[in-house]
Amino acid sequence: MSDMTETTPGWLSSDELEMTRARMPILYVEAVPVRVDDSGEVTSVGLLLRIGPDGTVSRTLVSGRVLHHERVRDALLRHLEKDLGPVALPRVPASLQPFTVAEYFPTQGITPYHDPRQHAVSLAYIVPVTGDCRPRQDALDLVWFSPQEALSPAVQSEMPGGHGVLLKQALAHAGCVS
């Protein structure tokens, strides 16, 4: 046995990740990017447009895994930059208490959240952004909606896996649901 401790942050290979997903929950962070006015009220919500592995187009939130040896704050900032670009200027909350914890299951119907790949636990945050957002990685576009538009049946129907429910919870938490 070695007295050395591995302290380098990192992640698993594709095979190791698949095996781990089959055996234990994976920790994620999710962010609802918003624009706010001078009084702090939400004026718009940013939703990413993505193409899924099956070719379907959907609207999603900023989301991603927390790496081994990575602080939640750092993971949140990393995924915001990855999805919104390096000059989005997110204002991560001083307190990292999420507005909700979403538990995704591979079996539909246990919770409103579904991910066929895994059991995942996601800490969800509302994050104001003040900069220029340009989607990166696998996102096609970022579209800003008013809170009312984001809650419309048309937009909600484009958000699979429970992201529509999560968005409703975020907007209710921010006082945007009447």
Side-chain angles (χ1 to χ4, degrees), residues 1-33 45-88 90 92-93 96-127 129 133-143 155-170:
M1 181 189 273
S2 171
D3 290 337
M4 299 288 290
T5 302
E6 178 63 42
T7 59
T8 306
W11 197 239
L12 306 169
S13 71
S14 295
D15 291 340
E16 290 171 324
L17 180 58
E18 187 176 330
M19 186 173 65
T20 303
R21 280 179 165 158
R23 294 188 173 153
M24 62 191 326
I26 305 293
L27 181 61
Y28 278 72
V29 290
E30 291 186 282
V32 178
V45 179
L47 299 177
L48 296 162
L49 192 63
R50 297 188 195 270
I51 294 182
D54 61 354
T56 58
V57 177
S58 62
R59 298 198 184 277
T60 64
L61 306 170
V62 172
S63 178
R65 293 186 300 270
V66 177
L67 300 177
H68 174 71
H69 209 264
E70 181 179 40
R71 297 180 325 156
V72 169
R73 178 179 301 279
D74 294 336
L76 191 55
L77 284 167
R78 180 170 56 84
H79 289 293
L80 285 160
E81 181 176 330
K82 173 184 67 85
D83 285 345
L84 303 180
V87 292
V92 174
L96 276 182
Q97 180 176 348
F99 72 85
T100 196
V101 175
E103 194 169 10
Y104 291 82
F105 283 93
T107 306
Q108 286 187 340
I110 296 175
T111 69
Y113 311 106
H114 175 250
D115 185 337
R117 304 169 301 165
Q118 65 190 337
H119 177 189
V121 176
S122 183
L123 307 175
Y125 300 91
I126 300 167
V127 181
V129 294
C133 297
R134 299 204 188 274
R136 298 170 33 159
Q137 299 293 340
D138 61 344
L140 300 174
D141 196 10
L142 174 72
V143 179
V155 172
Q156 290 286 304
S157 70
E158 297 176 337
M159 301 186 76
H163 278 143
V165 173
L166 194 61
L167 179 59
K168 284 180 185 177
Q169 289 178 316

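No experiment lies behind these values; they were computed from the predicted model shown.
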Visitor: Does a side-chain heavy-atom distance below 4.5 Å link L61 with L47?
Guide: yes
Visitor: Could you check if a side-chain atom of H119 sits within less than 4.5 angstrom of a side-chain atom of P106, using non-hydrogen atoms only?
Guide: yes
Visitor: Side chains of E30 and Y113: any donor to acceptor distance under 3.5 Å?
Guide: no
Visitor: Is V129 close to P90 at the side-chain level, that is, under 4.5 Å between some pair of heavy atoms?
Guide: yes
Visitor: Quick one, R71 and L96 - any side-chain contact, counting heavy atoms below 4.5 Å?
Guide: no
Visitor: Side chains of V66 and L123: closer than 4.5 Å at any heavy-atom pair?
Guide: no
Visitor: Under the side-chain contact (heavy atoms from CB on, under 4.5 Å) criterion, do L166 and F99 qualify, and how do the steps go?
Guide: CA-CA 10 Å; L166 194 61; F99 72 85; 4.1 Å; yes
Visitor: Is there a side-chain contact between R59 and V143 (heavy atoms, below 4.5 Å)?
Guide: yes
Visitor: Would you say Y104 and I26 make side-chain contact, with heavy atoms under 4.5 Å?
Guide: no
Visitor: Considering all heavy atoms of both residues, which atom of P86 and which atom of E81 are nearest to each other, and what is their separation?
Guide: CA-CG, 3.7 Å
Visitor: More than 12 non-hydrogen atoms from neighbouring residues, nucleotides or ligands closer than 6.0 Å to CZ on R73, yes or no?
Guide: yes
Visitor: Under a 3.5 Å threshold, yes or no: a donor from one side chain and an acceptor from the other, between D54 and T56?
Guide: yes
Visitor: Using the rule given for side-chain contact (heavy atoms from CB on, under 4.5 Å), can you reason through L167 versus Q156, listing the C-alpha separation, both sets of side-chain angles and the distance that settles it, and then say yes or no?
Guide: CA-CA 9 Å; L167 179 59; Q156 290 286 304; 3.8 Å; yes
Visitor: Could you walk me through whether D83 and R50 pass the side-chain contact (heavy atoms from CB on, under 4.5 Å) check?
Guide: CA-CA 11 Å; D83 285 345; R50 297 188 195 270; 3.0 Å; yes
